[in-house]
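Convention: sequence-line order gives letters A, B, ...; per-chain numbering from 1.
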2 protein chains.
Amino acid sequence: MTLDSETKAVELPEHHGDELRLWLRLLTCTTLIEGEVRSRLRERFDVTLPRFDLMAQLDKVPEGMTLSDVSKRMMVSNGNVTGLVERLVESGHLDRRTSEVDRRVQVIRLTKAGRAEFRKMAAEHELWIADIFGDLTPKDVRELMRLLAKTKTSAQKAARARTP
Amino acid sequence: MTLDSETKAVELPEHHGDELRLWLRLLTCTTLIEGEVRSRLRERFDVTLPRFDLMAQLDKVPEGMTLSDVSKRMMVSNGNVTGLVERLVESGHLDRRTSEVDRRVQVIRLTKAGRAEFRKMAAEHELWIADIFGDLTPKDVRELMRLLAKTKTSAQKAARARTP
DNA sequence: CCAGATTTCTTTAAGTTTCAAGCAATTGGC
DNA sequence: GCCAATTGCTTGAAACTTAAAGAAATCTGG
């Protein structure tokens with residue numbers, strides 16, 4: 001028996017199982033690693049992952065950033081950042097001041113103590129990550145970087161297409 | 001001038017920036033896609049991602065699962081599942097009963113209505129994912145699957161090494 | 001049998017997260 | 001100058017999340 005390929009295309013919906021499996025695997029990897037990093041941060045430094053992430057963003061920009069910048073970079077909501085920053089200012093890790101040119105804007109920076117503490121954590125964190133990805137060869141790493149860059153572009157395109 | 005390679009190795013800490021960049025890119029991709037899926041689920045079906053994920057787990061096992069099974073599969077805490085299930089039973093999507101052989105165990109399943117609703121959502125969800133990964137060739141997909149499988153194994157090994 | 005260990009689930013407290021609504025400041029068009 | 005739209009942030013409600021502690025049931029090695 002032979003199958004007319006056109007008929008087949010009409011009768012069977014397109015097969016997208018591979019992409020779905022890929023997404024689930026991507027999600028599994030990230031969840032796994034995120035959980036591991038979260039545990040180690042808590043155990044070793046008694047700090048939560050969101051706090052570490054926020055400090056990581058600020059460490060890259062010594063002159064400070066606005067809350068909106070942070071929320072875009074971290075890809076989380078504005079309200080989320082407000083609460084997170086509040087607690088980090090409270091604990092002395094962050095310095096927050098109202099912009100002189102635009103009084104709606106809050107500029108936040110790491111305090112000296114905050115920066116010192118972050119650097120200490122970041123150094124270990126980098127080793128953890130190296131450990132977690134330890135089985136990958138340099139070639140694997142390069143190849144993953146390339147494919148994930150492509151994935152990111154593709155996802156951004158799809159997101160823009162829905163919300164222009 | 002020449003550099004003694006041994007001296008270099010001692011003086012410079014090992015370079016793990018590539019792995020760190022890889023991790024950040026992996027995280028970016030996942031966050032991006034997760035956010036997009038979350039938005040679409042809310043817009044189109046007024047359902048949250050955790051609820052969808054839980055229903056997806058249950059759809060694969062018609063005879064039902066225990067709460068522990070769910071929490072292992074979803075890689076979230078026990079207490080998390082308790083609350084999630086509570087709300088889904090409340091809304092009629094899930095059926096929950098105490099096991100007859102072990103009265104500590106709660107077995108949950110999709111109700112008929114829950115299953116119907118999930119199937120409807122899942123069909124669209126699959127198309128979204130195909131759209132989001134649309135720029136990747138079948139070869140890219142295969143290669144990513146392979147490299148992520150390797151990543152998963154590596155991460156699991158690192159996690160086990162820390163907590164035996 | 002039975003006391004201790006383990007497993008399964010719930011509860012609690014603290015924190016994170018989103019969305020939506022709202023307020024305040026600024027910008028842009030007229 | 002003035003008003004409307006936009007931008008930046010905060011607030012509030014509901015949901016989600018974790019870690020830790022506790023309750024109940026079961027299992028296990030004397």
Side-chain angles (χ1 to χ4, degrees), chain A residues 27 30-32 34-55 64-91 93-94 96-108 163, chain B residues 27 30-32 34-55 64-91 93-94 96-108 163:
Chain A
L27 188 55
T30 300
T31 305
L32 198 57
E34 200 173 291
E36 183 61 19
V37 171
R38 187 190 304 276
S39 294
R40 297 198 194 197
L41 280 175
R42 173 174 294 272
E43 262 178 33
R44 187 76 182 76
F45 300 112
D46 193 35
V47 73
T48 64
L49 185 53
R51 280 169 205 233
F52 179 81
D53 284 344
L54 176 44
M55 292 170 80
M65 310 170 61
T66 69
L67 296 205
S68 291
D69 287 342
V70 173
S71 100
K72 272 181 207 103
R73 291 224 206 184
M74 294 181 70
M75 294 191 276
V76 299
S77 66
N78 269 351
N80 188 349
V81 173
T82 295
L84 214 40
V85 165
E86 213 157 75
R87 287 180 285 271
L88 278 166
V89 168
E90 172 72 25
S91 63
H93 294 86
L94 261 53
R96 155 202 236 153
R97 57 183 57 183
T98 303
S99 163
E100 313 227 329
V101 277
D102 184 338
R103 271 171 298 174
R104 290 169 306 178
V105 175
Q106 304 283 318
V107 179
I108 54 174
T163 313
Chain B
L27 188 54
T30 300
T31 306
L32 197 59
E34 199 172 291
E36 183 61 20
V37 170
R38 189 189 303 276
S39 294
R40 296 196 195 197
L41 280 175
R42 174 174 295 272
E43 262 178 33
R44 187 75 181 79
F45 300 112
D46 193 33
V47 75
T48 64
L49 186 52
R51 278 161 145 95
F52 179 81
D53 285 345
L54 176 45
M55 291 170 81
M65 310 171 61
T66 70
L67 296 205
S68 292
D69 287 342
V70 173
S71 104
K72 273 180 208 106
R73 290 223 205 186
M74 293 181 71
M75 294 192 277
V76 299
S77 65
N78 270 350
N80 188 350
V81 173
T82 294
L84 214 40
V85 165
E86 213 156 75
R87 287 181 285 271
L88 278 165
V89 168
E90 173 71 27
S91 64
H93 294 85
L94 261 52
R96 154 202 236 153
R97 58 183 59 184
T98 302
S99 163
E100 312 227 328
V101 276
D102 184 340
R103 269 170 300 173
R104 290 170 303 180
V105 175
Q106 303 285 317
V107 178
I108 55 173
T163 314

Identify, with sequence neighbours excluded, every residue that meets salt bridge (charged side-chain N to carboxylate O under 4.0 Å, His left out) alongside [X].
X      : result
A/R97  : A/D95
A/R96  : none
A/R104 : A/D102

(request) Check B/V47, B/D53, B/L54 against B/R51 for a side-chain contact (heavy atoms from CB on, under 4.5 Å) and give me the one that passes. (result)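 It is B/V47; the other options fail the test.
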Can you tell me how far apart [atom1] ([X]) and [atom2] ([Y]) are? Round to the nearest 0.5 Å.
X      : Y     : atom1 : atom2 : answer
B/T48  : B/L84 : OG1   : CG    : 6.5 Å
A/M75  : B/T30 : CE    : OG1   : 9.0 Å
A/R103 : A/T98 : CZ    : OG1   : 9.5 Å

Numerically ordered, the residues 39-55 of chain A set in heavy-atom contact under 4.0 Å with DNA chain C is A/T48, A/P50, A/R51
Run the side-chain donor-acceptor check on residues 36-45 of chain A: report pairs under 3.5 Å with partners two or more places apart or on a different chain.
residue	atom	partner	partner atom	Å
A/E36	OE1	B/R162	NH2	3.2
A/E36	OE2	A/R40	NE	2.9
A/E36	OE2	A/R40	NH2	3.1
A/E36	OE2	B/R162	NE	2.5
A/E36	OE2	B/R162	NH2	3.4
A/R38	NH2	A/E34	OE2	3.3
A/S39	OG	A/G35	O	3.1
A/R40	NH2	A/D131	OD2	3.4
A/E43	OE1	B/R162	NH1	3.4
A/E43	OE2	B/R162	NH1	2.7
A/R44	NE	A/E124	OE1	3.1
A/R44	NE	A/E124	OE2	2.9
A/R44	NH2	A/E124	OE2	2.7

Check the distance between [N]'s [atom2] and [X]'s [atom1] and give it to me in whole angstrom.
X      : N      : atom1 : atom2 : result
A/M65  : D/dG8  : CE    : P     : 13 Å
B/H93  : D/dA15 : NE2   : P     : 13 Å
B/E100 : D/dT26 : CD    : P     : 12 Å
B/M75  : D/dC16 : CE    : P     : 18 Å

Between A/M74 and A/D102, whichever has its closest DNA chain C nucleotide further toward 5' is A/M74
Contact span of DNA chain C against chain B, any nucleotide atom under 4.0 Å from a heavy atom, 5' to 3', runs C/dT7 to C/dC19
With sequence neighbours left out, the residues meeting side-chain hydrogen bond (donor to acceptor under 3.5 Å, both in side chains) with A/T31 are none
**OP:** Assign A/V85 to base, sugar-phosphate, or nothing according to its heavy-atom contacts below 4.0 angstrom with the strands shown.
**Re:** nothing
Between A/R38 and D/dT18, is there a contact of a side-chain N or O with OP1 or OP2 at under 4.0 Å? no
Residues 69-79 of chain B vs side-chain hydrogen bond (donor to acceptor under 3.5 Å, both in side chains), sequence neighbours excluded, gives B/T66-B/D69, B/S71-B/N78
Collect all protein-nucleotide pairs involving nucleotides 9-13 of chain D in which both atoms are nitrogen or oxygen and the distance is under 3.5 Å.
residue	atom	partner	partner atom	Å
D/dC9	OP1	A/L67	N	3.4
D/dC9	OP1	A/Q106	N	2.8
D/dC9	OP1	A/Q106	O	3.3
D/dC9	OP2	A/S68	N	2.6
D/dC9	OP2	A/S68	OG	2.5
D/dT10	OP1	A/R96	NH2	2.8
D/dT10	OP2	A/T82	OG1	2.8

